[in-house]
Every structure is written in C-alpha cells, then in structure tokens.
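Note sheet for the following structure.
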Amino acid sequence: MSRSDALNIQNLNLSYGAERVVEDVNLRLQPGSLVGIVGPNGAGKSTLIKAIAGAKDPDSGTVTICGDTGRRGRQKLTYVPQRGEVDWDFPITAEEVVRQGRFAHVGLLRRFNADDKGAVADALDAVAMTPLKHRQIGELSGGQQQRVFLARALAQGGEVFLMDEPFAGVDAATEKAIVDVLRALRDAGKTVVVVHHDLVTVSDYFDELVLLNRTIIAHGPTSEVFTPENMRKTYGGNLAIFERRDAAEAVE
Ligand SMILES: Nc1ncnc2c1ncn2[C@@H]1O[C@H](COP(=O)(O)OP(=O)(O)OP(=O)(O)O)[C@@H](O)[C@H]1O
C-alpha cells in the first residue's frame with residue numbers, strides 16, 4: 001500500500017451469524033479528505049464503520065490506519081457512533097463527556113493536565129456548547145447532544161474520524177455547525193468519513209463519495225460518482241431526486 005493512505009481496507013468481509021452483510025470491500029482514502037458513505041437502509045454502512053473502528057470483528061480482511069493495523073492503527077482513529085446507540089440517561093455532564101475523549105487511548109489513571117483542559121475547552125467552543133457544559137446530557141436537545149459528541153471526538157483527536165449519521169435529527173443551524181467542523185478537520189489534513197442519508201446535500205458536503213450496497217458500488221470524486229446510473233445501481237428502483245433531474249434535462 002502507499003505510505004500516504006490514511007485508511008486502507010482490503011478484502012473485508014463482515015457477517016452477523018451466518019448472514020454476510022458486507023462483502024469484499026476494498027477502499028483507500030487519503031489524508032485531507034471529506035468522504036460520504038451513502039447507500040440504502042441495511043446496506044451495511046454502520047457495520048462497515050464499526051469494523052473500521054474495531055467494534056466489529058471481520059470474517060476476513062484487513063483495516064490499516066496510517067500504516068498500522070490493530071490497536072496501534074485504532075489509536076489514530078476517532079469513532080462517533082449513531083446518537084441512538086448511546087445511553088443518554090447516564091448521569092454525566094456535557095463537559096465530562098468531552099473529557100472522556102482525552103482518556104480514550106491512555107486510560108483513566110493518567111492525570112488530567114493543562115493540555116487536556118485546553119483541548120476540552122477548545123472542543124466545546126468549536127461546537128458552541130461552552131455555555132451548556134455543566135448540563136446533564138439527558139437534559140440536552142438531540143442537536144446539542146450531537147454537538148457534544150462531536151466535541152468529544154475533537155478532544156480525542158486522531159487522523160481518521162468516522163461519523164455515523166451526525167446530521168440525524170439536528171436542525172439547520174446545528175447541521176451547519178457540524179459541517180463547518182468537518183471541513184476544518186479536512187482542511188487540517190484529517191480524513192473524515194461520514195455515513196449520510198440526505199442525497200440533496202451530498203454534492204455540497206463531500207469531496208468524495210463511497211456508494212455502498214453490501215459491497216462498494218462506486219468510489220471517487222463526488223462529481224464523478226454521484227450520477228443517476230450509479231445511484232440506481234446502489235438503490236435500485238426509482239430515486240425521485242434523479243427522476244426529476246432527468247426529466248428537467250430531457251426538457252432542455
Ligand atoms: N446486531 C446485528 N445483528 C444481526 N444483524 C444485524 C445487526 N446489525 C445489523 N444487522 C443487519 O446487517 C445489515 C446491515 O446493517 P447496517 O446497520 O450496517 O446497515 P446500514 O446501511 O447502516 O443501514 P441504515 O441506513 O438503516 O442505518 C442489515 O441487514 C441489518 O439487518
């Protein structure tokens with residue numbers, strides 16, 4: 001593999017029990033890219049993200065992160081799961097959640113130092129959550145919870161960020177705030193991989209697109225990959241967004 005790959009996935013196969021849900025995935029991503037993963041419900045997007053994060057064991061295949069596999073590789077990776085997978089009733093403040101990011105790789109016994117404090121404060125600022133940092137997480141709105149989640153990832157740092165539907169259930173202002181943070185990460189040379197459902201915003205948000213339906217249907221610059229033909233291959237059937245565009249083109 002090229003030394004510059006931030007993420008290199010080779011021949012990855014994933015199953016639940018006897019059911020194969022992700023097959024023969026090969027994918028290479030470079031530093032400084034903002035990548036959307038798009039595909040229908042049940043396509044295996046979350047499963048793929050979990051496997052990259054080490055939260056799901058593969059049947060076979062390898063995941064290499066900045067040249068390292070296993071634990072060493074995962075130390076350079078930050079994973080933000082879907083909001084629905086977290087117990088928001090757990091008694092902890094927003095700031096404490098973000099502090100957890102600083103201990104993700106070093107264990108709870110290390111002293112919390114001035115660098116850690118600064119990173120937590122910066123991360124809360126970046127998502128405009130400083131005024132609510134003492135709030136219990138269960139008392140935050142869905143969008144605020146998502147911002148806290150993102151701040152935790154920022155405080156953790158890393159080279160590759162995996163986000164599973166960060167825009168689910170957030171309002172326009174929060175969506176804009178999250179997009180700004182993701183772009184800043186990309187501009188700082190990080191690799192940001194986002195599971196995304198809103199096809200209307202795909203071209204605006206992502207430089208690169210991975211179309212997934214059990215296996216990778218297409219991968220490349222969004223302008224090349226996001227075509228009616230590829231989307232039909234990925235989703236099957238009709239997609240209203242493209243049907244309308246096709247109709248408009250036909251009239252022109
Ligand atoms: N814990 C599990 N046990 C068994 N099967 C599972 C489990 N999690 C997911 N699956 C199955 O694996 C397949 C892929 O699911 P996954 O959640 O990865 O898809 P997805 O593309 O993220 O879907 P969505 O867009 O609906 O979130 C689906 O058929 C799903 O039913």
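Indexing begins at 1, ligand by ligand and atom by atom, following the structure's order. Along the sequence shown, residues carry numbers from 1. None of the values given here were measured: they were computed from a predicted structure.
Closest to atom 15 (O) of ligand 1 among all protein heavy atoms lies T47 OG1, 3.8 Å. From the protein, the heavy atom lying nearest to atom 1 (N) of ligand 1 is Y16 CE2, 3.7 Å. Ranking the protein heavy atoms by distance from atom 14 (C) of ligand 1 puts G42 O, 3.5 Å first.
Of the possible polar contacts, none joining the T174 side chain to the V170 backbone as a donor-acceptor pair under 3.5 Å is found. No side-chain donor-acceptor contact under 3.5 Å links D68 to the backbone of I65. Using a distance-only test at 3.5 Å, with no hydrogens or angles considered, a donor-acceptor pair links the side chain of W88 to the main chain of R83. A donor-acceptor contact shorter than 3.5 Å is absent between the side chain of K190 and the backbone of P31.
The closest approach between any non-hydrogen atom of P40 and ligand 1 is below 4.0 Å. For the ligand labelled ligand 1, residue G39 lies outside the 4.0 Å heavy-atom shell. Heavy atoms of K50 stay at 4.0 angstrom or farther from ligand 1.
Counting the atoms of ligand 1 from 1 in the order shown, those under 4.0 Å from a heavy atom of N41 are 23 (O), 24 (P), 25 (O), 26 (O). Taking a cut-off of under 4.0 Å to the non-hydrogen atoms of E165, the atoms of ligand 1 that pass are 27 (O). Counting the atoms of ligand 1 from 1 in the order shown, those under 4.0 Å from a heavy atom of H197 are 25 (O). Remark: ligand 1 atoms within the under-4.0 Å shell around heavy atoms of S46 are 17 (O), 18 (O), 20 (P), 22 (O). Atoms of ligand 1 found under 4.0 Å from any heavy atom of A43, numbered from 1 in the order shown, are 19 (O), 20 (P), 21 (O).
Closest heavy-atom approach to atom 19 (O) of ligand 1 within the set G44, A168, A51: this belongs to G44. Between atom 25 (O) of ligand 1 and the options Q82, H196, K45, the minimum heavy-atom separation is to K45.
Side-chain contact between V210 and V35: present, with at least one pair of heavy atoms (C-beta onward) separated by less than 4.5 Å.
Under the 3.5 Å distance criterion, with hydrogens and angles disregarded, no donor-acceptor pair is assigned to the side chains of T93 and R135. Side-chain polar atoms of D125 and T130 form a donor-acceptor pair below 3.5 angstrom. Counting only N and O atoms by type, the side chains of S46 and Q82 include a donor and acceptor under 3.5 Å apart.
Within the 4.0 Å cut-off (strictly below), a protein heavy atom is located near atom 3 (N) of ligand 1. By the definition of a contact as any protein heavy atom under 4.0 Å away, atom 30 (C) of ligand 1 is not in contact.
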Passes salt bridge (charged side-chain N to carboxylate O under 4.0 Å, His left out), D207 versus R186? Steps please.
-> CA-CA 10 Å; D207 317 322; R186 184 260 325 268; 2.9 Å; yes

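For F103 and F112, the ring centers are positioned less than 6.0 Å apart.
By the ring-ring contact (aromatic ring centres under 6.0 Å, His included) test, F167 is found to be paired with H196, Y205, residues two or more places apart in sequence or in another chain being considered.
Counting heavy atoms under 4.0 Å from ligand 1, residue V21 touches it through the side chain alone.
Residue contacts with ligand 1: E19 is placed with no nitrogen or oxygen under 3.5 Å of a nitrogen or oxygen of the ligand (distance criterion only).
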